[in-house]
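Worksheet for the structure shown next.
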Amino acid sequence: MEINEKFLKPYDPANTESKIYKLWEESGFFNPDNLLGNRKESYTIMMPPPNVTGVLHMGHALMITLEDIMIRYKRMQGYKTLWLPGTDHAAIATQSKVEKEIQKKEGKSRHDLGREEMLKRIKEFAQQSHDTIVSQVRVMGASCDWSREAFTLDEKRNLAVNTTFKKMYDDGLIYRGNRIVNWDPKGQTTISDDEIVYEERNSKLYTFKYSADFPISISTSRPETKVGDVAVAVHPDDTRYTEYIGKEYDLEFAGVPIHIKIIADKEVDPAFGTGALGVTPAHSMIDWEMADRHDLPRPQVINEYAKMTVGGENLLGKKVTDAREVIVSWLRENNLLEKEEDIKQNVSTAERTGGIVEPLPKLQWFINVNKPIPERGNKTLKDLMSEPLKENKIKIIPDYFSKTYFHWIDNLRDWCISRQIWYGHRVPVWYKDEEIYCGIEAPQGEGWKQDDDTLDTWFSSGMWTFSTLGWPEKTKDMDTFHPTDVLETGYEILFPWVARMILMTGYNLNTIPFHTVYLHGTVRDGQGRKMSKSLGNGIDPLDIAAKFGADAGRMALIVGTAPGTDSKISEDKIKGYKNFANKIWNITRFVLDNVDEKNFHPLPTSPLVNGEENSLIAEFKKVYEDITSDMENYRFHLASEKIYHYIWHRFADEIIEESKKIILEGSEKADERKTALVSIWTDCLKILHPFMPFVTEEIWSMLLIKDKNLLMVEKWPS
RNA sequence: GGGCGAUUAGCUCAGCUGGUUAGAGCGUCACAUUGACAUUGUGAAGGUCAGAGGUUCGAGUCCUCUAUCGCCCACCA
């Protein structure tokens with residue numbers, strides 16, 4: 001048979017892939033509304049929106065590949081498939097990135113620029129970043145519906161955010177309170193517990209007395225906070241201190257008058273240090289809770305700039321680190337310091353700015369996770385987060401992650417949702433004199449001023465599965481595509497994101513956001529190191545696509561990468577799959593070279609005359625049935641390996657080799673063999689398509705099949 | 001401190017519900033090849049499945065303990 005002259009040269013991914021992607025887009029089949037046939041069941045994946053803080057890395061490439069595999073597979077199986085792409089404004093991350101750049105280039109701070117100008121700059125940056133991301137996603141071959149693309153900070157998502165905020169506010173679940181929060185002095189904003197990274201640092205533990213006549217010694221690594229102490233807590237069963245419980249002392253500590261009450265609290269560990277704990281309610285989370293239990297005052301001694309707000313000249317206005325030295329030398333001079341030990345300590349730092357987190361009491365907005373929700377029995381938001389997993393309505397793959405999920409929920413505290421940054425959804429609350437108004441839109445009348453704060457970025461991304469479908473409007477998309485099927489994401493955001501999606505969906509819609517959570521691991525370099533800018537070992541998916549082809553990159557990411565486990569990627573591995581693409585190319589060349597047009601029509605689905613050819617087809621049927629079962633069970637790492645192995649080492653190395661004898665030597669069963677080759681090979685292309693969509697589609701376009709459509713909408717063999 | 005995971009060929013890893021001589025890719029060695037493909041083919045070497053015990057007719061796979069490594073959570077102040 002005459003073949004396309006393209007086959008005389010090796011496969012050229014660089015020139016093929018962009019052409020094929022265009023073909024797909026023009027077909028309209030990325031959009032489920034345009035899919036042909038009677039597709040009753042929907043299959044939906046919401047793409048985890050990449051942050052608009054820069055470019056995509058290999059982790060994103062893995063995410064896109066996995067989701068594209070799932071979507072393409074289900075599309076070929078006749079589902080109404082929607083894969084909805086989008087990007088995340090990533091509030092703090094984006095703002096602090098732009099702030100840093102402006103500081104570096106122009107030497108200006110955000111306050112020099114002002115809210116409006118700063119926001120303009122951030123939006124410009126976000127737009128650029130968005131455009132880069134979108135082009136990268138296309139290069140990877142993602143068959144997502146661009147017509148429905150969403151952004152976590154656009155108007156539609158804002159309506160969803162404000163609607164939810166108001167509902168929670170009216171239900172008494174969102175409250176404004178003066179509570180201790182994680183304050184980032186560098187970023188000048190509160191941050192949530194999950195935005196903290198602990199860094200182990202060498203530190204000192206000081207053991208001392210407040211004054212010579214005070215009966216109990218205490219230990220601390222932060223002496224400067226001790227001017228804010230209001231109590232000393234001991235364990236109720238600690239006989240060493242029983243006689244002091246309930247006594248009160250007026251003291252002067254480093255020139256600051258303090259009033260100390262001795263209290264008994266079972267949270268105190270009698271074995272640690274002296275077994276007595278100086279209670280500083282305003283600057284320590286557990287001390288704050290202790291103050292709740294014992295009704296203690298909460299004097300603040302450190303401000304938002306991590307500077308002292310009390311004391312004489314030697315202390316007032318000093319940075320906490322300097323104040324620490326002042327206090328320590330004061331203790332020494334007064335013979336109060338009993339012990340000084342070197343210890344390793346976990347210091348809380350802000351994920352985005354690196355600033356050392358200072359616990360401070362602040363007036364902020366919180367979501368109460370322990371309060372019964374009106375008209376939901378006695379259920380709390382915490383219950384909404386754990387129930388779907390307990391009742392097996394949501395399945396996590398691999399399932400051992402469920403255990404850590406419950407552990408996290410158990411330890412959950414009220415969620416601080418307000419941030420003192422400008423880039424984000426503004427808190428939909430307005431103030432006028434003593435009045436407060438919470439609403440979806442600004443109140444009527446003069447003199448209202450909106451809250452300056454914005455919301456934690458996870459507040460809006462928690463609604464991603466339904467805000468993207470038009471909620472709170474009643475849309476056809478909501479009816480058709482929600483709850484979604486799979487949420488595919490990295491295990492590192494199981495808590496901050498997945499849990500909050502379950503919360504937001506349970507609260508707003510009284511249902512689940514998705515049925516299955518598929519977690520992938522971290523993509524590391526060839527030596528097993530995390531890819532990072534500082535190491536310079538990152539691989540840009542665009543470079544891979546240009547050098548080896550997106551298909552090769554996709555296979556290298558998938559084969560052998562089990563769910564939830566980290567994987568290593570190297571150019572050698574990718575190169576191997578570039579060779580595979582070429583192998584497929586040449587197999588096609590051989591097949592087309594040696595068969596006749598009539599072997600294509602009709603494709604045999606029922607027994608061929610000859611027993612041997614029949615058994616080849618039967619053997620392959622077993623292979624793809626096995627692969628189908630892997631696909632159904634999210635074992636893409638096995639499915640991809642199996643089709644690879646079958647094509648190269650069974651079909652090419654053995655079946656084609658023996659076919660040479662039969663066909664080239666003109667055996668009498670040559671015709672049956674040709675038909676069998678065509679039959680198996682066309683099905684191989686279908687099975688391989690979700691993994692290597694470009695090369696398979698390109699080859700498909702050159703096959704002489706009657707009434708064929710794009711391979712992406714061909715029927716999966718069964 | 002609590003929790004979770006890993007340990008299989010020189011390297012990187014698969015091995016789904018326990019079932020015949022334990023698999024792949026890369027690497028190594030030997031050979032082959034002017035007819036689909038050197039981005040190739042054929043073949044070989046290479047593993048007491050971390051260690052010890054247990055359950056079972058049968059264990060890389062299940063249980064217990066030990067060792068090493070990794071990750072997550074947690075403000076021993």
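Chain letters run A, B, ... following the sequence lines, proteins first and then strands; every chain starts at 1. All values below were derived from every heavy atom in this structure, side-chain atoms included, with hydrogens, water molecules and symmetry-related copies excluded.
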Considering every strand and a 4.0 Å limit on heavy-atom distances, what is the contact class for A:T522: base, sugar-phosphate, or nothing? nothing
With sugar-phosphate meaning primed atoms plus P, OP1 and OP2, does A:H649 contact a base, only sugar-phosphate, or nothing at under 4.0 Å between heavy atoms? sugar-phosphate
C1'-based separation of B:U55 from B:C62 [nearest Å]: 8 Å
Rounded to whole Å, please give me the gap between CZ in A:F406 and P in B:A74. 18 Å
Nearest-angstrom distance, P atom, B:U21 to B:G58: 15 Å
Between B:A9 and B:C49 - C1' atom distance, rounded Å: 10 Å
Looking at every strand, decide which applies to A:T220 at a 4.0 Å heavy-atom threshold: base, sugar-phosphate, or nothing. sugar-phosphate
Quick one: A:R673 CZ to B:A36 C1', roughly how many Å, whole number? 16 Å
Looking across every strand, which nucleic acid part, if any, lies under 4.0 Å from A:Y11 by heavy atom: base, sugar-phosphate, or nothing? nothing
Could you work out the separation of B:U20 and B:G60 based on their C1' atoms and round it to a whole Å? 16 Å
Just call it for A:K660: base, sugar-phosphate, or nothing, with non-hydrogen atoms closer than 4.0 Å on any strand. base
In whole angstroms, how far is the P atom of B:G15 from the CG atom of A:D626? 13 Å
Could you check how far CD1 of A:I574 sits from P of B:U12, rounded to whole Å? 17 Å
Which part of the nucleic acid, if any, lies within reach of A:N594 when heavy atoms closer than 4.0 Å are counted: base, sugar-phosphate only, or nothing? nothing
Roughly how many Å apart are B:G53 and B:A67, using the C1' atom of each and rounding to a whole number? 15 Å
Within the structure shown, what part of the strands sits under 4.0 Å from A:R524 by heavy-atom distance: base, sugar-phosphate, or nothing? nothing
Less than 6.0 Å separating the ring centroids of A:W681 and A:F651? yes
Rounded distance in Å between the C1' positions of B:U34 and B:U12: 37 Å
Would you mind classifying the nucleic acid contact of A:N582 as base, sugar-phosphate or nothing, using non-hydrogen atoms under 4.0 angstrom? base
Please list all pairs meeting side chain to side chain donor-acceptor pair (under 3.5 Å) that have one or both residues in residues 265-285 of chain A, counting only residues at least two apart or in different chains. A:K226-A:T280, A:D229-A:T280, A:D265-A:R293, A:D265-A:H294, A:S284-A:D287
Does A:G273 reach a base, just sugar-phosphate, or nothing at all? Heavy atoms under 4.0 Å. nothing
Atom CG of A:D653 to atom P of B:C37: distance rounded to whole Å? 14 Å
I need the CG-C1' distance between A:L519 and B:C72, as an integer number of Å. 13 Å
Is it possible for you to check whether A:R554 lies under 6.0 Å from the centre of the six-membered ring of A:F691, through NZ or CZ, and within 45° of that ring's axis? no
Which pair of heavy atoms, one from A:L336 and one from A:S211, lies closest together, and at what distance? CD2-C, 3.5 Å
For A:N633, which contact category applies under a 4.0 Å heavy-atom criterion: base, sugar-phosphate, or nothing? nothing
By nearest-nucleotide position on RNA chain B, the 5'-leaning member of A:F272 and A:P10 is A:P10
A:E488 side chain near A:M70 side chain, heavy-atom distance below 4.5 Å: yes
Is A:Y198 touching bases, backbone alone, or none of the nucleic acid, heavy atoms closer than 4.0 Å? sugar-phosphate
Assert yes or no for the condition that the ring centre distance of A:Y644 to A:F580 is strictly below 6.0 Å. yes
Each stem that RNA chain B is part of, given as range with range (3 or more consecutive Watson-Crick or G-U pairs, under 3.5 Å): B:1-7 with B:67-73, B:10-13 with B:23-26, B:28-32 with B:40-44, B:50-54 with B:62-66
Less than 4.5 Å apart, any side-chain heavy atom of A:P361 and any of A:R179? no
For A:Y624 together with A:F620, are the ring centres under 6.0 Å from each other? yes
A:I396 CD1 - B:G5 C1' separation (whole Å): 15 Å
For B:G25 versus B:C72, give the span between their C1' atoms, rounded off to a whole number of Å. 31 Å
Give one of base, sugar-phosphate or nothing for A:Q345, where a contact means two heavy atoms less than 4.0 Å apart. sugar-phosphate
If you assign A:A652 and A:G576 each to the RNA chain B nucleotide with the nearest heavy atom, which residue ends up on the more 5' nucleotide? A:G576
Base, sugar-phosphate or nothing for A:D269? Non-hydrogen atoms, less than 4.0 Å. base
Applying a 4.0 Å non-hydrogen cut-off, can you work out what A:K568 is touching in the nucleic acid: base, sugar-phosphate, or nothing? sugar-phosphate
Please report, rounded to the nearest Å, how far the C1' atom of B:U39 is from the NZ atom of A:K578. 8 Å
Which whole number of Å gives the distance between the C1' atom of B:C57 and that of B:U48? 22 Å
